[in-house]
Amino acid sequence: MRSTLFTTTSVALLGAVLAVVEPTDPYRVSESMAAVLAYNSSAYHYPTDFTRNIVPKPLHSHNDYWRDVPFYSAISVGAVSVEADVWLYNGTLYIGHETSALTPARTFDSLYVQPILQTLRRQNPNSTFLTAPTKNGVFDTASGQTLYLWIDMKTNGAATFPYAAAALKPLRDAGYLTTVTANGTLIPGPVTVIGTGNTPLNLVQDILPRDVFYDAPLPSLGTTFSNITALVSPIASTAFSSSFGAVPNGVFNQSQMATLNTQISIAQGKGIGIRYWDTPGFPISTRNRVWSVLYNAGASLINVDDLVAGAGMSDFGNFWKIGQSVGYP
């Protein structure tokens with residue numbers, strides 16, 4: 001019997017997402033053949049097939065809470081990174097870009113912690129075939145791929161951080177969080193939590209053991225934040241606009257390319273990943289060229305607002321398929 005962890009509503013919502021974003025599949029069977037196969041449907045399903053056929057991609061679902069179905073929309077196209085803006089009010093973390101968008105129903109627990117936990121339980125079923133518990137990630141096609149969960153603290157960091165850490169308890173208790181032990185050993189997990197926004201560095205860097213990491217400022221890794229290691233910040237970020245300014249038509253000049261290569265080289269030398277946010281969203285041709293330049297230069301995550309295009313599922317995503325290197329002077 002297939003898992004019943006998801007409510008009917010959750011499954012219906014995800015089905016709607018997949019119906020929109022999934023491209024035409026030439027290998028999908030016809031409706032008549034599907035009807036025939038349904039008579040023996042149990043043989044065509046398996047416990048971890050919730051995310052079957054989804055290939056992980058180095059995409060960061062920027063402002064993920066704006067999606068029709070947060071978290072699920074992102075993983076449905078293979079995005080390995082999601083971002084949640086949290087606001088602390090009366091001991092509860094609410095989700096939204098600004099205070100006018102907050103509602104009682106949209107909490108960090110309801111939109112992220114519980115859906116992620118349910119998905120991981122589904123990917124790590126109890127089975128007579130197992131000799132030990134598993135710690136598979138959310139993607140069936142790449143069970144070792146961690147999901148990056150960025151918590152953007154909008155309210156006071158020192159006040160918000162303890163509540164964010166406490167909210168992660170269900171994932172922590174299940175052993176699903178990437179952790180740094182008391183002796184400084186990294187234990188990879190299905191979910192890697194990165195604090196950003198007002199997250200206080202001292203509540204991350206000075207604490208062992210811990211299961212929350214820090215979003216270090218990418219341009220400062222070689223200067224004022226040179227003591228930051230990958231054990232503190234697995235991925236560092238910065239605003240694209242602050243580092244490069246305008247890039248007309250997505251073409252980087254020599255100075256901009258030098259800045260890009262320097263920032264990426266310093267981060268990679270520390271074993272730290274790279275993400276640029278506030279990348280151009282329009283014109284589409286400029287956006288695509290910038291994505292391609294960043295990807296080819298070594299960015300670990302591509303910041304996307306349009307998940308379908310970022311995943312290469314639209315006409316504007318064809319550049320991913322042919323691997324063009326565009327935008328260099």
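The aromatic ring centroids of W66 and H97 lie less than 6.0 Å from each other.
For the pair F213 and T178, the minimum side-chain heavy-atom distance is below 4.5 Å. Side chains of S243 and P219 form a contact here, defined as non-hydrogen atoms less than 4.5 Å apart. Put simply, the side chain of Y276 does not reach to within 4.5 Å of the side chain of N303, judged on heavy atoms. Looking at heavy atoms from C-beta onward, L301 lies in side-chain contact with W150 at the 4.5 angstrom threshold. Annotation: side chain of P190 is not in contact with side chain of V138 (no heavy-atom distance under 4.5 Å). Contact annotation: the side chain of V304 approaches that of W291 to within less than 4.5 Å [non-hydrogen atoms, C-beta and beyond]. V232 has its side chain within reach of R210: a pair of non-hydrogen atoms, C-beta onward, lies under 4.5 Å apart. Looking only at side-chain heavy atoms (C-beta outward), S143 and Q123 stay at 4.5 Å or farther from each other.
The two atoms that bring A182 and P209 nearest to each other are N-CB, 3.8 Å, heavy atoms only. Contact between G189 and T146 at its shortest, heavy atoms only, is O-OG1, 2.8 Å. The nearest pair of heavy atoms linking M153 to A164 is CE-CB, 3.8 Å. Summarising the geometry of A142 relative to P56, their closest heavy-atom pair is CB-CG, 3.7 Å, with the distance given to 0.1 Å. Annotation for L260 and A297: closest pair CD2-CB, 3.6 Å, computed over non-hydrogen atoms. Taking all atoms of both residues into account, the shortest heavy-atom contact from A216 to L221 is CB-CD2, 4.0 Å.
Counting non-hydrogen atoms of other residues, nucleotides and ligands closer than 6.0 Å to CG of N126 gives a total of 12 or fewer.
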Problem set entry | Check against side-chain contact (heavy atoms from CB on, under 4.5 Å), E83 and D152 | CA-CA 7 Å; E83 171 187 329; D152 190 342; 4.1 Å; yes
For this session: Kindly determine whether W87 and T99 satisfy side-chain hydrogen bond (donor to acceptor under 3.5 Å, both in side chains), including the steps that lead there.
Result: CA-CA 8 Å; W87 303 76; T99 54; over 6 Å; no
Exercise. Would L102 and Y89 satisfy side-chain contact (heavy atoms from CB on, under 4.5 Å), going step by step from the backbone distance to the final call?
Worked result: CA-CA 10 Å; L102 304 182; Y89 283 98; 3.6 Å; yes
For this session: Would you check, one step at a time, whether the test side-chain contact (heavy atoms from CB on, under 4.5 Å) holds for V293 with M257?
Result: CA-CA 9 Å; V293 170; M257 283 306 304; 4.0 Å; yes
For this session: Starting from the C-alpha separation in whole Å, work towards a yes-or-no answer on side-chain contact (heavy atoms from CB on, under 4.5 Å) for Q205 and N227.
Result: CA-CA 10 Å; Q205 189 175 33; N227 65 332; 3.4 Å; yes
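Of the possible polar contacts, none joining the R289 side chain to the V247 backbone as a donor-acceptor pair under 3.5 Å is found. Not one N or O on the side chain of Q268 forms a donor-acceptor pair closer than 3.5 Å with the backbone of S265. Between the side chain of T262 and the main chain of A258, a donor-acceptor pair closer than 3.5 Å is present. Counting only distance, with no hydrogens or angles, the side chain of K270 and the backbone of S226 share a donor-acceptor pair below 3.5 Å. A donor-acceptor contact shorter than 3.5 Å is absent between the side chain of Y214 and the backbone of L203. Remark: side-chain polar atoms of T179 are paired, donor with acceptor, to backbone N or O of L177 under 3.5 angstrom. The closest donor-acceptor contact from the side chain of K57 to the backbone of V77 lies under 3.5 Å. No donor-acceptor pair closer than 3.5 Å links the side chain of D85 to the backbone N or O of K154. N249 places no side-chain N or O within donor-acceptor distance of the main-chain N or O of V251, the cut-off being under 3.5 Å. For R275 (side chain) and D215 (main-chain N/O), no donor-acceptor pair under 3.5 Å exists by modelled atom type.
Linking ILVMFWY side-chain heavy atoms closer than 4.5 Å, directly or via other members, places L201 and L208 in a single hydrophobic cluster. Side-chain heavy atoms closer than 4.5 Å link hydrophobic residues (I, L, V, M, F, W, Y) into clusters, and following such links, even through other members, never connects I207 to L231. Residues Y94 and L88 do not share a hydrophobic cluster, defined by chaining ILVMFWY side chains whose heavy atoms lie under 4.5 Å apart. Hydrophobic clustering (side-chain heavy atoms under 4.5 Å, transitive across Ile, Leu, Val, Met, Phe, Trp, Tyr) groups L186 together with L149.
Distance check, rounded to the nearest 0.5 Å: CD1 of I95 to CG of N63 gives 11.0 Å. Here the OG1 atom belonging to T238 is positioned 6.5 Å from the CH2 atom belonging to W277, to the nearest 0.5 angstrom. The CG atom of N124 sits 11.0 Å away from atom OG1 of T119, with the distance rounded to the nearest 0.5 Å. The CG atom of L59 sits 13.5 Å away from atom CD1 of I75, with the distance rounded to the nearest 0.5 Å. Separating the CZ atom in F50 from the CZ atom in R121 is a distance of 14.5 Å, to the nearest 0.5 Å. Distance check: D64 CG to S73 OG gives 7.0 Å after rounding to the nearest 0.5 Å.
One side chain, N183 or T185, offers a donor N or O that lies under 3.5 Å from an acceptor on the other. A donor-acceptor pair shorter than 3.5 Å cannot be found between the side chains of D140 and T51. Side-chain atoms of T107 and D109 include no donor-acceptor pair closer than 3.5 Å. For the 3.5 Å distance criterion, the side chains of T160 and T155 qualify, holding a donor opposite an acceptor.
Between R287 and D305 there is no salt bridge, since none of the side-chain N atoms of the basic residue sits less than 4.0 Å from a carboxylate O of the acidic one.
When T199, N202, I151 are each tested for a side chain to side chain contact (heavy atoms under 4.5 Å, CB included) with F161, only one passes: T199.
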